[in-house]
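Side-chain atoms are counted along with the backbone in the values below, which use heavy atoms only and exclude waters and symmetry mates.
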Amino acid sequence: MDPIFEFIGKVVAIGGSSAIIAYGIFTLVGRKWLETKFAERLEAYKHEQKKELEEIRYRINAQFNRITKIHEKEIEVLPEAWIRLKKSIGQLQYFISPGRQYPNLDSMNGAQLEEFLARSEFYEFEKDKLRQADSKLQMYSELIFFHELHDTRKLAREFHQYIQENRIFLSNDLKEQFTRIDDLIWEAMTDKEFSHEMKDFKAERKSFKEVQDEIAPLVEKIETLVQKRLQYEEAV
């Protein structure tokens, strides 16, 4: 017990005018004591509230920073994924397109053929095959096929790897669409290679149409989703 209150208690017990004085002192001191205790409690409460608010602010800032970093990475990934997709699709459509027109090497004279070969991407042994072939056009279509297949696979592989490496930064809907179109690209290449080996041009034309019918809507859907994720409408 506070010594002052103990003393006042003894005076009150004795009684008399001293008790009245003591009561007045008690009232004054008691009020001060209560005010002091209230102030202490209030200050402690404010301290706890401030501490709790700081903890909440820290958690919110940490969460916001995490979300911001993820969104920044997404903004970096999506344009690159879209560029790689368009390159891969463009090369694929060129590669699988039926009814391709090739230069008529059979109508070229020696000098024209050599000039053409000098600008070509063929290896020397392939150029020799062309020089010696009875049907240079047929040999050319056979040789160029594998060069174009290589180029198509290269772009498809780059697109596939980029999506796999950055899929964690893609929303579920975009991840699903990118994965689906990635599968279609490889399916189309396989069908083209098979129809080429079998010389089945009817199957080749059918495969091309099926790819066009399925891939084109997917590309449009992905474009819409990418613009939405990048908040394209708010940026323009």
Side-chain angles (χ1 to χ4, degrees), residues 49-100 121 145-197 203-236:
Q49 286 291 97
K50 183 178 180 181
K51 182 179 178 182
E52 185 176 349
L53 286 172
E54 287 297 327
E55 291 176 355
I56 293 173
R57 186 179 294 108
Y58 173 80
R59 290 198 297 269
I60 291 174
N61 287 338
Q63 181 73 0
F64 179 76
N65 289 337
R66 187 182 70 85
I67 293 173
T68 299
K69 288 179 181 179
I70 291 175
H71 189 58
E72 287 175 352
K73 185 63 178 178
E74 183 183 41
I75 291 174
E76 173 189 328
V77 166
L78 287 178
E80 183 64 25
W82 174 254
I83 291 171
R84 289 173 185 260
L85 170 62
K86 292 296 288 184
K87 286 182 178 179
S88 182
I89 292 295
Q91 175 63 29
L92 174 70
Q93 291 175 329
Y94 174 77
F95 174 62
I96 68 175
S97 177
R100 294 274 301 282
E121 58 183 326
F145 173 84
F146 292 102
H147 281 271
E148 292 176 352
L149 175 60
H150 173 269
D151 293 341
T152 307
R153 280 179 174 168
K154 179 176 181 293
L155 290 176
R157 190 180 300 111
E158 289 174 355
F159 169 65
H160 173 79
Q161 290 177 344
Y162 191 81
I163 294 301
Q164 292 303 309
E165 291 170 1
N166 295 281
R167 60 187 292 120
I168 190 174
F169 303 109
L170 300 174
S171 58
N172 289 332
D173 50 358
L174 271 170
K175 189 188 307 179
E176 180 182 344
Q177 300 305 321
F178 273 126
T179 301
R180 178 56 187 150
I181 206 166
D182 181 32
D183 292 339
L184 283 174
I185 290 171
W186 287 95
E187 288 173 14
M189 281 190 294
T190 302
D191 290 345
K192 173 69 175 182
E193 190 172 9
F194 179 77
S195 63
H196 177 81
E197 291 176 358
E204 187 178 85
R205 287 191 295 272
K206 181 183 177 182
S207 175
F208 176 75
K209 186 178 185 305
E210 289 175 349
V211 168
Q212 289 289 88
D213 291 344
E214 193 164 0
I215 282 183
L218 268 177
V219 171
E220 290 183 6
K221 188 171 184 179
I222 290 172
E223 181 178 6
T224 300
L225 289 172
V226 168
Q227 288 181 342
K228 183 180 179 181
R229 293 299 299 174
L230 295 178
Q231 299 177 343
Y232 176 79
E233 293 180 355
E234 296 179 12
V236 296

Val219 and Trp82: CA distance, side-chain angles, deciding distance, side-chain contact (heavy atoms from CB on, under 4.5 Å) verdict: CA-CA 9 Å; Val219 171; Trp82 174 254; 3.8 Å; yes
Full working for side-chain contact (heavy atoms from CB on, under 4.5 Å) between Leu78 and Phe169: CA-CA 9 Å; Leu78 287 178; Phe169 303 109; over 6 Å; no
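Pairs passing the salt bridge (charged side-chain N to carboxylate O under 4.0 Å, His left out) check and including a residue from residues 188-197, sequence neighbours excluded, read Arg153-Glu193, Lys192-Glu204.
Heavy-atom minimum distance, Phe178 versus Ala81: CZ-CB, 3.9 Å.
Residues meeting the side-chain hydrogen bond (donor to acceptor under 3.5 Å, both in side chains) test with Arg205, sequence neighbours left out: none. Applying the side chain to side chain contact (heavy atoms under 4.5 Å, CB included) test to Glu176 and every residue at least two apart in sequence or in another chain returns nothing. Under the side-chain hydrogen bond (donor to acceptor under 3.5 Å, both in side chains) criterion, Asn172 pairs with no residue, sequence neighbours left out. With sequence neighbours excluded, the residues that form a side-chain hydrogen bond (donor to acceptor under 3.5 Å, both in side chains) with Glu80 are Arg84. Among residues two or more places apart in sequence or in another chain, the salt bridge (Lys or Arg N to Asp or Glu O under 4.0 Å) test is passed with Glu121 by none. In this view, Thr224 satisfies the side chain to side chain contact (heavy atoms under 4.5 Å, CB included) rule with no residue, not counting sequence neighbours. For the salt bridge (Lys or Arg N to Asp or Glu O under 4.0 Å) test, residues two or more places apart in sequence or in another chain that qualify with Glu158 are Lys154. Residues passing the side chain to side chain contact (heavy atoms under 4.5 Å, CB included) test with Gln164 are His160, Arg167, sequence neighbours excluded. The salt bridge (Lys or Arg N to Asp or Glu O under 4.0 Å) test applied to Lys209 returns Asp213, not counting sequence neighbours. Lys175 meets the side-chain hydrogen bond (donor to acceptor under 3.5 Å, both in side chains) test with no other residue; sequence neighbours excluded. Taking Tyr94 as the reference, Gln91, Arg100, Glu148 meet the side chain to side chain contact (heavy atoms under 4.5 Å, CB included) condition, with sequence neighbours excluded.
We find the CG-CD1 distance between Leu149 and Ile96 to be 12.0 Å, quoted to the nearest 0.5 Å. Separating the CD atom in Glu74 from the CD1 atom in Ile168 is a distance of 12.0 Å, to the nearest 0.5 Å. Atom CG of residue Leu92 and atom CG of residue Asp151 lie 12.5 Å apart, to the nearest 0.5 angstrom. To the nearest 0.5 Å, atoms CD1 (Ile89) and CD1 (Ile185) are separated by 4.0 Å. Note that the CZ atom of Phe159 and the CG atom of Asp182 stand 5.5 Å from one another [nearest 0.5 Å].
Looking at heavy atoms from C-beta onward, Leu85 lies in side-chain contact with Ile222 at the 4.5 angstrom threshold. Side-chain contact between Ile181 and Ser88: absent, with no pair of heavy atoms (C-beta onward) separated by less than 4.5 Å. When side chains are defined from C-beta on, Leu184 does not count as touching Val211, because their heavy atoms never get closer than 4.5 Å. Inter-residue side-chain proximity for Asn166 and Leu170 is flagged as unmet; no heavy-atom pair is nearer than 4.5 Å.
Using a 30° and 60° split on the angle between ring planes, Phe95 and Phe145 fall in the tilted class, from 30° to 60°.
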